Novice: 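The structure follows.
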Number of protein chains: 2
Amino acid sequence: MKARDDSASARGGAAGRRRTQNASMADVARVAGVSSQTVSRVANAFPGVNEETRQRVQAAMGELGYHPNSAARALKRGAFHTIGVITFTLSTTGNVRTLEAIAASAAEEGYAVTLLPVAVPTQDEVRGAFSRLGELAVDAVIVIMEVHLLDAARLALPPHVKVVVVDSDAGDRYAVVDTDQAGGTRAAVRHLLDLGHRTVWHLAGPEDSFAAERRTVAWRAALAEAGREAPEPVRGDWSAESGYRAGLRLAEQPGLTAVFAANDQMALGLLRALHERGRRVPEDVSVIGFDDIPESGSFLPPLTTVHQDFAEVGRRCVAGVLRQVEQDEAERGTTLVPTRLVVRSSTAAPGV
Amino acid sequence: MKARDDSASARGGAAGRRRTQNASMADVARVAGVSSQTVSRVANAFPGVNEETRQRVQAAMGELGYHPNSAARALKRGAFHTIGVITFTLSTTGNVRTLEAIAASAAEEGYAVTLLPVAVPTQDEVRGAFSRLGELAVDAVIVIMEVHLLDAARLALPPHVKVVVVDSDAGDRYAVVDTDQAGGTRAAVRHLLDLGHRTVWHLAGPEDSFAAERRTVAWRAALAEAGREAPEPVRGDWSAESGYRAGLRLAEQPGLTAVFAANDQMALGLLRALHERGRRVPEDVSVIGFDDIPESGSFLPPLTTVHQDFAEVGRRCVAGVLRQVEQDEAERGTTLVPTRLVVRSSTAAPGV
DNA sequence: GGCTGTTATGTTTACGTAAACATTCGGTGG
DNA sequence: CCACCGAATGTTTACGTAAACATAACAGCC
């Protein structure tokens, strides 16, 4: 008590106001008439504390509104029970859904999630983010971003931090959790070909996106496998607006009967463009998306798309980092989360 | 001390692989041949360090890959430089966009953001979340949730934690940042009435949502103000699917010419339902949404909607909590972020 | 009755940082 | 020429917790 008063009045000058700070173990110990170590034992539910004593301590805790100071705890334990998540943007469905799942899984495991947004995807920015993470109270990091940007920052990543990367091809250097883009794309293309379409056009995502690239490559491979020719893909930037613009161009292609869009938002824009140009979906043109965002079932028409299990991705990310934290060693290799084709009304046999 | 000396001298210049754990100030001090206090001064860019010494220290830092330990720092400073965000779900556009803006603003101010998801919105869950937050390394909390659930948890909220609430009517007890729902709704209804519609129907959000309630009340008020009758509102749960189901019912209403949907997703479902029932938009029925999600410009037809400035909401939230942290005292009162009507193609004069 | 083991509790110490206080040293003004 | 200044640097201490170690009381056993 006295020590506390002293220090408070000592630093009470300009900057320090009255400390409404939490009571410490020592305070609880004093009130309960025990040592602070016993308070610690009660707080951490350690065995070897008399029931009566425990009650007394708990009463004191309640009285003082005691909450353990996590900074001290982290300092002592050398662990923060926190996972950092680095990402560029929360504008894409995938990132958000993954983040949500990560947060939920982490909470289940008693871990908190700290968000580290990187505003502008320049190398310096990423490097800065990692360096800030180094100072951050974080035991492990989950990175949701393109691998080439990650590379730029690699050196700045503190060596003891465990990392899991989402949606990347860096499986040789990091633990990677990825959606089975290839499988989903293949299923989408096969579905269209099986319906009788001669070939499938592609509304691709941005060039600098690894996920987009994977889908494009898989689309090409699936066509090649069936011995079909791959038309030149048209690129968007994931947004519905870009899908619309690309769709206007696609609508002018002669012989267009089926389009595989790299995500649902672009598919939405595509639907609008086709509608405006008088191409009916699915009678004239079949459209298939990727992601299965909640709204896609309400598009006009309801969109056939590839469902991604973001929740599972998040779960595996958390499991991955926690495994690394426990074992205290880095992991490598890629985990693939399966996808599933959801058939709705935007695909049909080509017009007769 | 002894073990530490050994290990430090042992690794000298080569990176020891055993405890690659962060080097401490003491390690840096030893290498640089100064006291740890001088290292601290360099690390915090304090004045009164000789240039030459500073260089030497910085060299040592680089060599050892030194990163300040934030747990120790937080313990010493009594502050974490972290803002906690409590929310139920990242499934709604608003929450996500707000969170994104919060994260960005916080990063700008040098604060990290810790996410605390609450899976199931029961009172116990919320209480648990707050109590966990109490142990968390957090200086302030931003709550994105309905106020009645917040109330349930009020007692569990540690008293020293500063709070800002988004989208709530608890301005008398907390600092609240809210979107001008009433203004936006009013603009939407006026827009439709000015186009010549006799009245405006309402596709409402879930009952337990404060934001939904505000919009419903404002819609009713705007109609009353114009001396029009308010039809019974139809309820959805924010999802496009629920909008579709509600839309099927609305499509059967005789005299339906204009609908104000409480968010864009439900408007999307509504569009689909109207389309299926052969009611053309906007020729037969005008539809207006709320939120202005990025996709709404690509709906069929592009949606007239009320734009919400989530970025501004996030910014004000961060500013609010940081102000409280600095002043070390709680604030109250509500800040309103203005909305803006975005007119696209889903509204027109009623069919002649 | 002394020895051992067990249970309940107290004491010391260290985690890494940084504020507060102490020391050193080359000047400078009285 | 020396006491004093201030710049540069070192030493002590405290933040709150918890591991490691220490103590105390008591039961069981030969």
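Heavy atoms only: backbone and side chains are in, while hydrogens, waters and symmetry mates are out. Just so it is clear: chains get the letters A, B, ... in the order the sequence lines come, proteins before strands, and each one is counted from 1. Keep in mind it's a predicted model, so treat the numbers as computed, not measured.
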Novice: In the structure I gave you, are the side-chain heavy atoms of B/Val166 and B/Ile142 within less than 4.5 Å of one another anywhere?
Specialist: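 Yes, their side chains come closer than 4.5 Å.
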Novice: Could you tell me the separation between the CZ atom of A/Arg77 and the P atom of C/dG16, rounded to a whole number of Å?
Specialist: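 After rounding, the reported distance stands at 16 Å.
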Novice: Send over the distance from B/Gln55 CD to D/dT9 P, rounded to a whole Å.
Specialist: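 Whole-Å distance recorded here is 12 Å.
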Novice: Which whole-number value in Å describes the distance from A/Leu75 CG to C/dG16 P?
Specialist: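 After rounding, the reported distance stands at 7 Å.
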Novice: What is the distance, to the nearest angstrom, from the CE atom on A/Met61 to the C1' atom on D/dT17?
Specialist: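 Computing the A/Met61:CE to D/dT17:C1' distance gives 12 Å.
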Novice: If you check the B/Val49 side chain, which of D/dT9, C/dG16, C/dG10 turns out closest?
Specialist: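 Given the options D/dT9, C/dG16, C/dG10, the side chain of B/Val49 is closest to D/dT9.
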Novice: Looking at C/dA18, I'd like to know if its phosphate oxygens (OP1 or OP2) sit under 4.0 Å from a side-chain N or O belonging to B/Asn44.
Specialist: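 Looking at the OP1 and OP2 atoms of C/dA18, one of them is under 4.0 Å from a side-chain N or O of B/Asn44.
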Novice: Between B/Phe46 and A/Gly33, which residue's closest nucleotide on DNA chain C lies nearer the 5′ terminus?
Specialist: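 The residue whose closest nucleotide sits nearer the 5' end is A/Gly33.
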Novice: Pick the nucleotide of DNA chain D nearest each of B/Lys76 and B/Val34; which residue has the one closer to the 5' end?
Specialist: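 Nearest-nucleotide comparison on DNA chain D picks B/Val34.
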Novice: Whole-Å distance between D/dG16 P and A/Gln37 CD?
Specialist: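 To the nearest whole Å, that distance equals 16 Å.
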Novice: Is a salt bridge present between B/Glu312 and B/Arg315, judged by a nitrogen-to-oxygen distance below 4.0 Å?
Specialist: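 The answer is yes: the pair qualifies as a salt bridge.
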Novice: Out of D/dG10, C/dT17, C/dT11, which nucleotide sits closest to the side chain of B/Thr38?
Specialist: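 The closest nucleotide is D/dG10.
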Novice: Apply the test side chain to side chain contact (heavy atoms under 4.5 Å, CB included) to residues B/Val176 and B/Thr335: give CA-CA distance (whole Å), side-chain angles for both, the deciding distance (0.1 Å), then the verdict.
Specialist: CA-CA 6 Å; B/Val176 171; B/Thr335 321; over 6 Å; no
Novice: Nearest to the side chain of B/Asn69, heavy atoms from C-beta on, is which of C/dT17, D/dT17, C/dA19?
Specialist: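 Taking heavy atoms from C-beta onward, the closest nucleotide is C/dT17.
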Novice: Please determine if a side-chain N or O atom of B/Arg41 lies less than 4.0 Å away from the OP1 or OP2 oxygen of D/dT9.
Specialist: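 For D/dT9, OP1/OP2 do not have a side-chain N/O of B/Arg41 under 4.0 Å.
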Novice: Please pick, from C/dA14, C/dA18, C/dG16, the nucleotide with the shortest atom-to-atom distance to any side-chain atom of B/Arg73.
Specialist: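 It is C/dA18.
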Novice: Which nucleotide in the set C/dG16, C/dG10, D/dT17 lies at the smallest distance from any side-chain heavy atom of A/Pro68?
Specialist: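 Among C/dG16, C/dG10, D/dT17, the one nearest the side chain of A/Pro68 is D/dT17.
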Novice: Answer yes or no: is there a side-chain heavy-atom contact under 4.5 Å between A/Val143 and A/Val163?
Specialist: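 They are in contact (side-chain heavy atoms under 4.5 Å apart), so the answer is yes.
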Novice: Any heavy-atom pair between the side chains of B/Val325 and B/Tyr111 that's under 4.5 Å?
Specialist: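 Yes, their side chains come closer than 4.5 Å.
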Novice: By the 4.0 Å heavy-atom rule, please label B/Ser36 as base, sugar-phosphate, or nothing.
Specialist: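 No contact.
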Novice: Starting at CG of A/Asn50 and ending at P of D/dA25, how long is that distance when rounded to a whole Å?
Specialist: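 About 15 Å, once rounded to whole Å.
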Novice: Does A/Val39 reach a base, just sugar-phosphate, or nothing at all? Heavy atoms under 4.0 Å.
Specialist: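 Nothing, no nucleic acid heavy atom in range.
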Novice: Would you say B/Ser24 places a side-chain N or O within less than 4.0 Å of OP1 or OP2 belonging to C/dC15?
Specialist: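 Checking B/Ser24 against C/dC15: no side-chain N or O falls below 4.0 Å of OP1 or OP2.
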Novice: Within this structure, what is the CZ-to-C1' distance between B/Arg56 and D/dG10, rounded to whole angstrom?
Specialist: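 Spelled out: CZ on B/Arg56 to C1' on D/dG10 is 14 Å.
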Novice: From CZ of B/Phe80 over to C1' of D/dG16, roughly how many Å is that when rounded to an integer?
Specialist: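 It works out to 10 Å between those atoms.
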